[in-house]
Amino acid sequence: MTEFQIGDTVQIIGAGMTGSVGTVVHRDETRGKYLVRVGGSAQNYYDAEEIELFAPCIPAE
C-alpha cells in the first residue's frame, strides 16, 4: 500500500471524480483513508488504492 503525505498532489483513479487532481489534506488513521481536496470546495475520503501521485505530463524539448 502506498503511503501519501499531507500536501501530496494526487490523481483520483478509482471512485467518483476519476481523473481529477487534488491535494491530500488529512489522513484518517482509524479508517486508513485520505481526505483529498479538489478545487476550492470539493473534497472526499479515498482509499490508497483509489489515488496515485500526480505526475504532470512535461513535453519533450
Side-chain angles (χ1 to χ4, degrees):
M1 177 174 113
T2 303
E3 291 286 329
F4 299 97
Q5 305 297 318
I6 293 174
D8 283 349
T9 301
V10 297
Q11 184 169 20
I12 300 165
I13 58 171
M17 299 181 69
T18 299
S20 297
V21 176
T23 304
V24 175
V25 295
H26 175 73
R27 179 162 186 238
D28 185 331
E29 298 285 339
T30 305
R31 298 186 310 162
K33 293 185 177 254
Y34 296 90
L35 181 61
V36 178
R37 183 171 295 146
V38 179
S41 61
Q43 62 184 21
N44 202 356
Y45 282 96
Y46 296 95
D47 292 320
E49 296 79 24
E50 297 175 317
I51 57 178
E52 66 184 6
L53 284 176
F54 178 69
C57 181
I58 300 172
E61 292 185 28

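Note: hydrogens, waters and symmetry copies are ignored here, and every other heavy atom, side chains too, is used.
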ring-ring contact (aromatic ring centres under 6.0 Å, His included) contacts in which one or both residues fall within residues 2-27, not counting sequence neighbours: Phe4-Tyr34

Quick one: side chains of residues 18-25, donor-acceptor pairs under 3.5 Å with protein atoms, not counting sequence neighbours, listed by atom name and distance.
{"unit_1": "Thr18", "atom_1": "OG1", "unit_2": "Ala15", "atom_2": "O", "d": "2.6"}
{"unit_1": "Ser20", "atom_1": "OG", "unit_2": "Met17", "atom_2": "O", "d": "3.0"}

Residue list, side-chain hydrogen bond (donor to acceptor under 3.5 Å, both in side chains) with Gln5, at least two apart or on another chain: none

Throw together a table of side-chain donor-acceptor distances under 3.5 angstrom for residues 50-58, partners on residues two or more places apart or in other chains.
{"unit_1": "Glu50", "atom_1": "OE1", "unit_2": "Asp47", "atom_2": "N", "d": "2.8"}

Audit row: Ile12, Val38, side-chain contact (heavy atoms from CB on, under 4.5 Å) steps and yes/no: CA-CA 10 Å; Ile12 300 165; Val38 179; 4.0 Å; yes

ILVMFWY cluster membership beyond Ile6 - transitive side-chain contacts under 4.5 angstrom: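 Traced through the cluster, Ile6 reaches no other member.
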
